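Chain letters run A, B, ... following the sequence lines, proteins first, then strands; residues in each count from 1. Just so you know, these numbers come straight off a predicted model, no measurement behind them.
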Amino acid sequence: EVQLLESGGDLAQPGGSLRLSCTASGFSFSGYGMSWVRQAPGKGLEWVSGISGSAHSTHYADSVKGRLTISRDNSNNMLYLQLNSLRAEDTAVYYCAKSAGAGNYYYMDVWGKGTTVTVSS
Amino acid sequence: QSVLTQPPSVSAAPGQKITISCSGSSSNIGNNYVSWFHQLPGTAPKLLIYENNKRPSGIPDRFSGSKSGTSATLGITGLQTGDEADYYCGTWDTSVAAWVFGGGTKLTVL
């Protein structure tokens, strides 16, 4: 069974940093693109970043460019999202999602349960 | 402001059918496949329709998708109370090299 489990969400200060992790299992991890999608309280879905299966290609939403960095460790089936210079508007549930193909432009066919980031002083 | 436009809400009685529209542009819906996701209260989103009109295994044929030009539509027939959820359309936007979503539509089954 394909499973994605996010971790690392926490309460952080404005201007601080966090690293989110996503542990993948049940599929050939390096063969699939991955994305991070967030959802602010009471709001809709916002895609923030994606990475190809090989990690050669990464993409970011304009709203987070320069502050968020996506990466992956294919040896350990792990996806990461480094969040820097945190702002109140980064407060959200962050979901890890698997793409249906090697690029992150494919549809997202499996989603994790999410991890919560709260930015507040 | 979402790149893709959906109605904020739709409602109907059990057994009825509804459609949810999703409007975009040539850089997203017009030249890429559309997916639909549903999100039950307090849970993670789940894939409902992919590549405009295909259903993942386990999704009943009460759910259907279509696309025409720069718009897409989700249809649900034989509404059940368990269908109450938020529904999102999404697709790749070639001009910004990013996934884009609609703002979501809340379905209420009266």
Can you tell me how far the OH atom of A:Y106 sits from the CD atom of B:E51, to the nearest 0.5 Å?
9.0 Å
Is A:V48 close to chain B through its backbone or its side chain, or both, or neither, when contacts mean heavy atoms under 4.5 Å?
neither
Per-residue contact mode, A:Y105 against chain B (heavy atom under 4.5 angstrom):
both
For chain A, which residues from [range] have at least one heavy atom closer than 4.5 Å to it?
range: residues 101-110 of chain B; value: B:F101, B:G103
range: residues 7-35 of chain B; value: B:S35
range: residues 55-88 of chain B; value: B:Y88

Connected via hydrophobic side-chain network under 4.5 Å: [X] and [Y]:
X: A:M108; Y: A:L20; result: no
X: A:V2; Y: A:I51; result: yes
X: A:W36; Y: A:Y95; result: no
X: B:F37; Y: A:V93; result: yes
X: A:I70; Y: A:V37; result: no

Heavy-atom pair of closest approach, residues B:A97 and A:W47:
O-CH2, 4.2 Å
Measure across B:Q39 and A:L45 and return the closest heavy-atom pair with its distance rounded to 0.1 Å.
OE1-CD2, 4.4 Å
For B:L47 and A:Y107, what are the C-alpha separation, side-chain angles and deciding distance, and is it a side-chain contact (heavy atoms from CB on, under 4.5 Å)?
CA-CA 9 Å; B:L47 179 66; A:Y107 61 93; 3.6 Å; yes
Under 4.5 Å from any heavy atom of chain A, what part of B:T43 do you find: side chain, backbone, both or neither?
backbone
Would you find a donor on one side and an acceptor on the other, under 3.5 Å apart, between the side chain of B:W99 and the backbone of A:N104?
yes
Contact between B:Y50 and A:D109 at the side-chain level, heavy atoms closer than 4.5 Å - yes or no?
no
Most contacts with chain A, counted as non-hydrogen pairs under 4.5 angstrom, among B:A98, B:S2, B:G90:
B:A98
Against chain B, residues from residues 111-118 of chain A with at least one heavy atom under 4.5 Å, in numeric order, are A:W111, A:G112, A:K113
Is there a side-chain contact (heavy atoms from CB on, under 4.5 Å) between A:H59 and B:W92? Walk through the geometry before answering.
CA-CA 11 Å; A:H59 297 101; B:W92 183 254; 3.8 Å; yes
